[in-house]
Amino acid sequence: METEDVSVREQLFHNRVRETIICVLLFTCLYIVSYLILTHFKKTAEFITDDVEDATVNKIALWLCTFTLSVAVCAVLLLPISILSNEVLLTFPQSYYMQWLNGSLIHGLWNLVFLFSNLSLVFLMPFAYFFTESEGFAGSRKGVMARVYEAVVLLLLLALLVLGIVWVASALLHDNIARKSLYDLWEYYLPYLYSGISLFGVLLLLLCTPFGLSRMFSVTGSLLVKPRLLEDVEETLNCTTFEEDSLSRKLNYGGSASCWVKLNLEAMKKDHQTVRSKRIALEMRRKASPWQRNLGYPLAMLMLLALTVMCVLMVCFNVLELLLDETAMPRGMEDPHLGMASFSMFGALGAAVQVVLILYLMVSSVVGFYSSPLFTSLMPRAQDTNLTQIIGNCVSLLILSSALPVFSRTLGITRFDLLGDFGRYNWLGNFYIVFMYNMLFAGLTSASLINTVTWAVQRELIRAFGLHRLPLTVSRSTVPFRLLLASGLSKIQ
């Protein structure tokens with residue numbers, strides 16, 4: 001018996017060491033990728049200064065931002081990794097090389113992401129902001145440690161303020177929980193705080209994702225070469241090049257001209273940049289192959305349309321299930337039971353579609369977030385993003401990504417139930433909140449999709465047949481579809 005107990009303890013020890021090594025390797029890779037991303041966007045002048053103290057403080061803050069961004073990326077990958085792990089274990093149930101992939105590893109990964117998300121949102125990011133803005137208390141010796149002391153004091157005051165506000169809110173809503181939280185802060189108080197943060201993140205996703213789904217068409221179209229059915233690319237490029245050269249000569253002449261000419265320099269510079277961008281786009285279109293020029297853009301648009309329609313249909317189906325079956329409600333589970341059954345009725349193909357849709361929704365939410373007028377100022381720029389903006393971007397992305405598992409499960413994109421503390425949110429068991437959330441998402445996404453597709457199709461048809469060169473302002477109400485066809489046929493003849 002003692003030998004068996006020792007072997008069991010050894011097996012548990014080896015499993016824990018193996019899971020720790022896997023998590024450390026995964027997080028190290030994500031940290032390196034996150035650091036490269038932040039290095040691409042950071043403003044170099046803030047880290048190469050004559051003041052060694054400021055440079056040191058900025059580097060420490062950048063390391064904290066890198067940690068937060070890596071946690072955000074890991075939160076995005078939680079559901080895809082869990083779904084794919086289940087399908088791999090179903091495909092290779094007895095494989096010796098897949099024994100490391102088990103429910104304990106996935107459950108531990110969910111718990112670590114939850115812990116690090118709390119740590120980053122509540123402590124690390126506020127500390128990084130206070131650390132960069134602090135100068136030390138009056139009368140104290142200047143240095144990095146003086147800034148640390150001031151940042152810690154400000155962080156403690158902020159924590160007391162936030163915890164007091166949340167305790168009052170919990171006392172108004174749940175009197176019993178508020179009383180217990182005074183004696184057990186970790187068990188009741190902090191999960192309640194993070195439940196409110198997750199609810200805010202899910203509501204932010206509800207606003208950003210439908211808008212981002214409609215914006216994905218224009219963003220993707222700006223990255224691809226659009227087809228022009230009746231346009232002579234060489235002729236248009238020659239005219240654009242001639243116009244750019246003319247504006248360049250005017251700008252060179254304006255530097256030595258009289259004052260009244262110099263007043264128009266700013267307008268000519270903007271025109272020159274616009275013409276230059278148009279010339280670059282025309283050159284890309286000329287260099288593109290016929291397949292890329294004529295099929296790449298339509299296929300990309302059809303793929304985006306198919307993914308968006310699939311999301312709306314899955315949400316509508318989830319609404320029906322919520323009305324008929326109570327098991328459709330999102331809930332938490334302690335043991336994931338990987339390798340027992342697929343989480344999709346279509347098997348491995350359905351699981352792959354779920355992973356693609358989850359990642360597509362995350363990308364769309366980020367696009368919608370940065371396209372919103374409220375958050376446009378946070379848009380990072382290569383080599384020109386200050387540290388305060390980097391901190392704001394990391395906090396925003398962490399809020400969005402940590403709410404993604406709850407968002408995907410609430411909408412019925414996947415049947416993989418939430419693990420660990422992700423499934424203990426107070427509002428997840430409220431049928432009316434979940435039902436209204438699904439209805440709002442389906443309605444907003446459908447309205448945005450219909451509006452975007454109808455405008456985009458007509459705009460591209462007008463450009464394809466050359467009607468955008470008309471001297472009068474053409475609205476979609478004045479150009480019916482039969483006029484587009486008639487114009488195209490007359491030009492072909």
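Contact check for C23 versus L105: side-chain heavy atoms found under the 4.5 Å cut-off. Contact check for K43 versus D384: side-chain heavy atoms found under the 4.5 Å cut-off. Taking the side chain as every heavy atom from C-beta outward, L313 and V309 approach each other to under 4.5 Å. The shortest distance between side-chain heavy atoms of M125 and C65 falls below 4.5 Å. Side-chain contact between H40 and Q383: present, with at least one pair of heavy atoms (C-beta onward) separated by less than 4.5 Å. Using a 4.5 Å heavy-atom threshold, the side chains of L411 and Y437 count as touching. A heavy-atom distance below 4.5 Å is not found between the side chains of C311 and T445. Within the 4.5 Å cutoff, side-chain heavy atoms of Y360 are placed close to those of L213.
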- Message: Using side-chain contact (heavy atoms from CB on, under 4.5 Å), reason through L387 and K42 one step at a time and then give a plain yes or no.
- Response: CA-CA 7 Å; L387 199 54; K42 71 177 183 179; over 6 Å; no

- Task: Carefully, step by step, assess V395 and T68 under the rule side-chain contact (heavy atoms from CB on, under 4.5 Å).
- Result: CA-CA 8 Å; V395 171; T68 302; 5.7 Å; no

- What do the steps show when you test H107 against N111 for side-chain contact (heavy atoms from CB on, under 4.5 Å), and what is the final call? CA-CA 6 Å; H107 193 274; N111 288 334; 3.1 Å; yes

- Report the C-alpha separation of S70 and Y35 in whole Å, then their side-chain angles, then the decisive distance to 0.1 Å, and conclude whether the side-chain hydrogen bond (donor to acceptor under 3.5 Å, both in side chains) test is met. CA-CA 8 Å; S70 58; Y35 183 78; over 6 Å; no

- Checking side-chain contact (heavy atoms from CB on, under 4.5 Å) for the pair L305/F217: CA distance, chi angles, key distance, verdict? CA-CA 8 Å; L305 182 62; F217 292 91; 4.2 Å; yes

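Taken to the nearest 0.5 Å, the OH atom of Y129 stands 11.5 Å off from the CG atom of L158. The structure places CG of L207 at 8.5 Å from OG of S372, a figure rounded to the nearest 0.5 Å. To the nearest 0.5 angstrom, T66 atom OG1 is 12.0 Å from L30 atom CG. Here the OG-CD1 distance, from S120 to I399, works out to 11.5 Å after rounding to the nearest 0.5 Å. L115 CG to W110 CH2: the interatomic distance, rounded to the nearest 0.5 Å, is 15.5 Å. Rounding to the nearest 0.5 Å places CG of L62 at 9.5 Å from CD1 of I391.
The minimum heavy-atom distance between T132 and V57, with the atom names listed, is CA-CG1, 3.9 Å. Minimum heavy-atom separation, I413 to M314: O-CE, 3.2 Å. Of all heavy-atom pairs between V434 and N438, the closest is O-ND2, 2.7 Å. Between M216 and V367 the shortest heavy-atom distance is SD-CG2, 3.7 Å. Across every non-hydrogen atom of V71 and V113, the tightest pair is CG1-O, 4.3 Å. Scanning both residues, F211 and S214, for their nearest heavy atoms gives O-OG, 2.6 Å.
When each of L79, V355, L357 is tested with T414 by the rule side chain to side chain contact (heavy atoms under 4.5 Å, CB included), just one qualifies, namely L79.
For F375, the ring pair (Phe, Tyr, Trp, His ring centres under 6.0 Å) partners are F369, not counting sequence neighbours. For F127, the ring pair (Phe, Tyr, Trp, His ring centres under 6.0 Å) partners are F131, not counting sequence neighbours. When the side-chain hydrogen bond (donor to acceptor under 3.5 Å, both in side chains) test is applied to R18, the partners found at least two apart in sequence or on another chain are N15. For the ring pair (Phe, Tyr, Trp, His ring centres under 6.0 Å) test, no residue two or more places apart in sequence or in another chain qualifies with Y149.
Side chain of N118 to backbone of F114: a donor-acceptor contact under 3.5 angstrom is found. Between the T385 side chain and the F41 main chain, a donor and an acceptor come within less than 3.5 Å of each other. Not one N or O on the side chain of E150 forms a donor-acceptor pair closer than 3.5 Å with the backbone of E133. Between the side chain of S218 and the main chain of R215, a donor-acceptor pair closer than 3.5 Å is present. With S401 contributing its side chain and L398 its backbone, the two residues share a donor-acceptor pair below 3.5 Å.
For residues 86-99, the set of pairs meeting the salt bridge (Lys or Arg N to Asp or Glu O under 4.0 Å) definition, not counting sequence neighbours, is empty. Pairs passing the salt bridge (Lys or Arg N to Asp or Glu O under 4.0 Å) check and including a residue from residues 387-412, sequence neighbours excluded, read R409-D417.
Heavy-atom contacts from other residues, nucleotides or ligands closer than 6.0 Å to CE of M303 number 12 or fewer.
Ring geometry for F27 versus Y31: interplanar angle of 30 to 60°, hence tilted.
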